[in-house]
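I have placed the structure first, in the form of structure tokens, so that the comments after it can refer back to it.
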Amino acid sequence: NNSVEGGESNVHGGGSNGGGSGTSGSTITTYKNGIGTAKEHNKEIINNQSLEELLLFDQQLSKISFNMTSEDFSQPWFHKRVDREMAQQLLQDQTIGTFLIRPSSQRGCYAMSWVAEKETKHNLIYGLFPGFALTEKPVSESEKFWSLSELVKYHSDFLIHPLPSIEYQQQQQHQLQQQQQQT
């Protein structure tokens, strides 16, 4: 069985990974106590997001490491607010090789989702501190990648067409508007 707890499949290794999923209650409580009361007073600072949106974002961030490079954050394929179900929907009816990288439901991991022959596939990306791998315990250095960008480049045989995130599209639109205003 190639399934692991948290619902992601593992392409390179078999077995199951006993890691837990979900978010600790203390992180959310701390977040509510630290930000919740300030929300009414600092609405502009938190970009007019509701407390629920911020808590959801906090839950996703607590599941991943901050081992990403700035290059990873700016990639069109990085979808910071997409879960497995949403990835399935976004990739539905896309061409083979279309992909995205997202936070995983498994703590400390990301996931890549991509369109294969007749289905959307998902694979865990393990945070190694430093680096990333498609197996929890890589046996060689060639299975480790310093950044998610390097991992994507290495697997360009099946990760072909990045599906741009909404944030990336908004950023591109904003840059285009700025350029138009300058001319």
Side-chain angles (χ1 to χ4, degrees), residues 2-12 17 19-24 27-28 31 35 46-128 131-136 145 147-156 158-175:
N2 282 348
S3 290
V4 292
E5 199 170 352
E8 313 300 338
S9 68
N10 185 342
V11 168
H12 290 358
N17 179 7
S21 61
T23 304
S24 70
T27 302
I28 296 172
Y31 196 82
I35 301 292
I46 56 176
N47 298 323
N48 295 324
Q49 292 180 316
S50 70
L51 183 57
E52 292 79 22
E53 289 174 315
L54 291 170
L55 289 174
L56 177 61
F57 184 60
D58 179 58
Q59 288 171 344
Q60 290 174 329
L61 288 180
S62 70
K63 294 176 194 170
I64 60 177
S65 74
F66 286 95
N67 199 25
M68 294 177 64
T69 66
S70 60
E71 179 187 5
D72 292 334
F73 280 120
S74 64
Q75 293 300 315
W77 43 253
F78 184 64
H79 292 246
K80 65 182 176 185
R81 297 181 184 182
V82 169
D83 62 11
R84 182 186 179 108
E85 185 178 322
M86 192 179 296
Q88 287 278 145
Q89 292 173 3
L90 289 170
L91 292 170
Q92 185 176 356
D93 300 324
Q94 296 291 331
T95 59
I96 293 173
T98 303
F99 73 97
L100 60 88
I101 306 292
R102 60 184 173 77
S104 171
S105 59
Q106 185 166 330
R107 188 174 187 88
C109 296
Y110 294 97
M112 59 184 188
S113 301
W114 74 97
V115 179
E117 283 288 323
K118 298 179 180 179
E119 63 184 332
T120 299
K121 295 191 173 193
H122 308 274
N123 192 98
L124 279 173
I125 301 172
Y126 296 91
L128 300 178
F132 303 94
L134 296 181
T135 58
E136 187 172 16
F145 302 91
S147 68
L148 290 174
S149 296
E150 286 182 17
L151 185 143
V152 166
K153 287 175 192 168
Y154 183 82
H155 293 288
S156 62
F158 64 95
L159 301 178
I160 302 167
H161 311 290
L163 182 68
S165 68
I166 289 172
E167 293 86 3
Y168 182 83
Q169 292 175 36
Q170 289 172 342
Q171 178 188 17
Q172 295 298 308
Q173 183 67 28
H174 180 71
Q175 288 176 353

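These values consider heavy atoms only, across backbone and side chains, with no hydrogens, waters or symmetry-generated copies.
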For the pair Trp114 and Phe158, name the ring-plane relationship: parallel under 30°, tilted 30 to 60°, perpendicular over 60°. tilted

Just one of Ser113, Pro164, Pro162 clears the side-chain contact (heavy atoms from CB on, under 4.5 Å) bar with Trp77, so which one? Pro162

At what distance, to the nearest 0.5 angstrom, does NE2 of His122 lie from CD of Gln88? 3.5 Å

Pairwise distance SG(Cys109) to CG(Leu134) - rounded to 0.5 angstrom: 11.0 Å

Okay, side chain of His79, backbone of Leu163: is any donor-acceptor separation there less than 3.5 Å? yes

Do the rings of Tyr154 and Phe145 sit parallel, tilted or perpendicular, given the 30° and 60° boundaries? tilted

Between side-chain atoms of residues 91-101 and protein atoms elsewhere (two or more places apart, or another chain), which donor-acceptor pairs fall under 3.5 Å?
{"residue": "Thr95", "atom": "OG1", "partner": "Thr98", "partner atom": "OG1", "Å": "3.2"}
{"residue": "Thr98", "atom": "OG1", "partner": "Thr95", "partner atom": "O", "Å": "2.8"}

Would you compute the distance between atom CG of Leu148 and atom NZ of Lys153 and round it to the nearest 0.5 angstrom? 11.5 Å

Heavy-atom count around Glu119 CD within 6.0 Å, excluding the residue itself: above 12? yes

What distance do Leu90 atom CG and Thr120 atom OG1 have between them, rounded to the nearest 0.5 Å? 10.0 Å

So how far is it from Ile160 CD1 to His155 NE2, rounded to the nearest 0.5 Å? 13.5 Å

CZ/Phe73 to OG/Ser165 distance, rounded to the nearest 0.5 angstrom? 12.0 Å

